[in-house]
Each structure stands twice: as C-alpha cells, then as structure tokens.
Amino acid sequence: MLTQQQKEWAQETLDRVVRKMEKVSRRSAHKIPYTTVNGVHDDRSGEMISWWTNGFWGGMMWQLYHLTGEESYRRIAEESEEKLDRVLMDYDGMSHDNGFTWLPTAVADYRVTQNPASRNRGLLAAGMLAGRYNVNGNFIRAWNNWPNDSADRTGWAIIDCMMNLPLLYWAGEVAEDPRFTQIAVNHAATTMKYFVRGDGSVNHIVAFDPCTGEYQCSYGGQGYKEGSSWTRGQSWGLYGFTLSYLHTKNVDFLRTAERIANYFLANIPEDGLIPVDFRQPEEVSIEDSTAAAIAACGLIELAKLEEGRQSKVYLNAALKMLTVLAEKRCNWNEEEDNLLTHCTQAYHDTQHEFSIIYGDYYFLEALLKLVEKDLFIW
Ligand code: GLY
C-alpha cells in the first residue's frame, strides 16, 4: 500500500509523462523508435523492422490508450503492429525476443479489442518461439548465428528470455494447447537451475551442448565479464520469474524472484542510480536507467504477492529508483522525444548512457502500476 504522499507523487509524475507523450506521440506517430538523436526519435520501421525492441512503442501507445481512451494512441499502436507483419514472414529476423515484439503489440491489441487478426499474429509469434525449444536441454534457444561472426550460438540461452515466456503462457490459454505452457515452464526451470547463482545474482548467457543439452559454460554477455552481474539481466530475471509465478502459481518461481530481488536490493547504490553491472570496476561509473525501470516493475508486482514488511521493502525500493529516475534521469523537455536518459545497451559497447525506448516503456508501466491503471501486457 502506498502512503498518501507516495500516491500523489506517482499521479503527478504520471501526469507529467502523459502531458509530454501527447506531444511526442504526435511527432512520432508513423515511426517505431529505438533511441533519440538530438531530441528526435529515430525510426526502426524500415530496414531495421526486425530489431528486438520494436514492440515497445506500440506498448506505450496501448498503455496510453488504456489510460485515456484517446483514439490517436490506438491508431498509432495499430500502425506499428501492422508494420511488424514483415517480421512474421522473416525466419532470420525472428528470435527468442518474439515476446518483447508481439506481447505489447498484437497480444495487447487482442486483449483490448479481441481483434482476430491480432490473435493470429500473437499465435504465429508464439509458434515460432516454441519452435526454438531444445528438447534435450529444455531451453529456448536465444539468438541465431550471425553472418561474419565466428561464435556458434546454437546452444545458447539467455536470462532475458524469461520476459518472453508470457507469450507462451498466453498462447497456451488462447489456443487451449498445453504444449506452449509446458515449454515455458521447462525453460523457466532450466533457467532457475543454471542461471541463478547461490547469492541470487544471475548469469546473462549459458551455453549448452545443442545436441545433448548438457551444460557447457556461462558468459558475461552484455555485462562486464563472466561471473559479473549485468543489472538489466538481474531485472529481466526478477520480473520474469515473478511473471512465471503469476502465470503458473509454481512457488519455486516466486522464491527465485525473491532471491533475485533481495540480491538486487542489497546492491542498489546509496544514490539510487543503477550501474550497468553491479560488479563493474569501481572506477567505472556507467549507468543503465532501463535496469532501474524494469526492476521497479518487477518489484511492484512482487510487493503485491508479499505481506507486511517484505511487501513494503520491495515497494519502497521501487519507489526509490523511480523517484531518482524522475528527478535525475528524465528528460522533461516536451520538445524532445525521449523520457529516460543514461540507458546502456551493453557494458562493452562503445556508446553508453543514451535514451532507449524500453526504458521509457517500463518507466511508464511502473508509474501506471503505482496508480493501478496499467494494462496487463505480460
Ligand atoms: N534483450 C536484450 C537486452 O536486454 O538488451
């Protein structure tokens, strides 16, 4: 339960976001943005239509439509959903990230409107995600192999995929076919066993033998190095296991979400600004605001499942990160397109601390959760 003061803060901050998004959505109505350059959204709806983040813009529009009933948001969301049909016809363009692409677009549309074309898109995407399942290893394969890159990713799975499983839980219900759910549950169980460490931190990438399914090794992936603690990966795990519990009521998933959450909370720096990796060298100060926004969403959901002091601990940690984001890492200039600043895709990339659309999406979702007006996307 939020205090009166916390409720007022959440509502005021949400109102500021909505005021800004009214203008941003008009400017970017025909785009699918990923980042913002010189105050202007880029557009990934052309050559980069397969980019894994292309569902989040539609997701923001569905959340705003759900909140306001304003038809323009719905039209923008529908336009982005239709553009994504090109990806459904492109085997190499699809990946484990089908959940990120079609849950906030087609599935959200279907949930709101019961549109049969959206149901069809969601089920096709779920079928492709299920098709990535490795039967011997009980995991969903992450990326395809990339041209001109020597790494063989055939047996790789990644923590991020925990957030894609809800596409399978949804498909299991809608198609009345337990195979989708079985694959999601098996992947979550494998992730619990091989990704989550004793202290509650998680690996980003785990490699299995693609033929026998045996564990081979782990990699640091988008974090600092092997054995480190990429913060967005912690957030995907925290929120993802919470969602797997919500969909299955398997208590092991809830306990795992709590362990990841407790580790996350123990590592939030005093200033509330989240680094790109909790184990990056002390002299490195690279941040990732997306990790804070995603973790906040997971913590708010987890708080609803807990009682008493534990619930308050999770909720207050979410509020602390969201307050810091709003005060220090938000671009409130209504003439510029991004919300969050200081988002980082990967520790070893050359570019750090820019704006990324999923940071904005989860920031909006977290604020909506606080005022109990979010559309359930996952
Ligand atoms: N799914 C990739 C990422 O979180 O960057």
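In this chain, residues are counted from 1 in sequence order. We count ligands from 1, going down the list as the structure has it; atoms in each ligand are counted the same way.
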Practice task
Taking only Lys NZ, Arg NE, NH1 and NH2, and the carboxylate oxygens of Asp or Glu, determine whether Arg74 and Glu78 approach each other closer than 4.0 Å.
Solution key: yes

Practice task
Report yes if some N/O of Trp52 lies less than 3.5 Å from some N/O of ligand 1; otherwise report no.
Solution key: no

Problem - No-hydrogen, no-angle side-chain donor-acceptor test under 3.5 Å, Ser229 and Tyr263 - result: yes

Practice task
Look at atom 1 (N) of ligand 1 and say which protein heavy atom is nearest, naming residue and atom and giving the distance to 0.1 Å.
Solution key: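 Its nearest protein heavy-atom neighbour is Asp160 OD2, 2.7 Å.
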
Handout entry: Quiz item: cation-pi between Lys249 and Tyr245, 6.0 Å / 45°
Key = yes

Practice task
Kindly indicate whether a cation-pi arrangement holds for Arg153 with Trp146, taking the cut-offs as under 6.0 Å to the six-membered ring centre and within 45° of the axis.
Solution key: yes

Fill in the blank from the handout: ligand 1 atoms nearer than 4.0 angstrom to some heavy atom of Gln222 are 2 (C), 3 (C), 5 (O)

Practice task
Can you label the angle between the Phe56 ring and the Trp378 ring as parallel, tilted or perpendicular, going by 30° and 60°?
Solution key: tilted

Fill in the blank from the handout: Counting heavy atoms under 4.0 Å, the part of Trp143 that contacts ligand 1 is neither

Completion exercise
A student comparing His96, His204, Arg232 should find that the heavy atom closest to atom 5 (O) of ligand 1 comes from Arg232

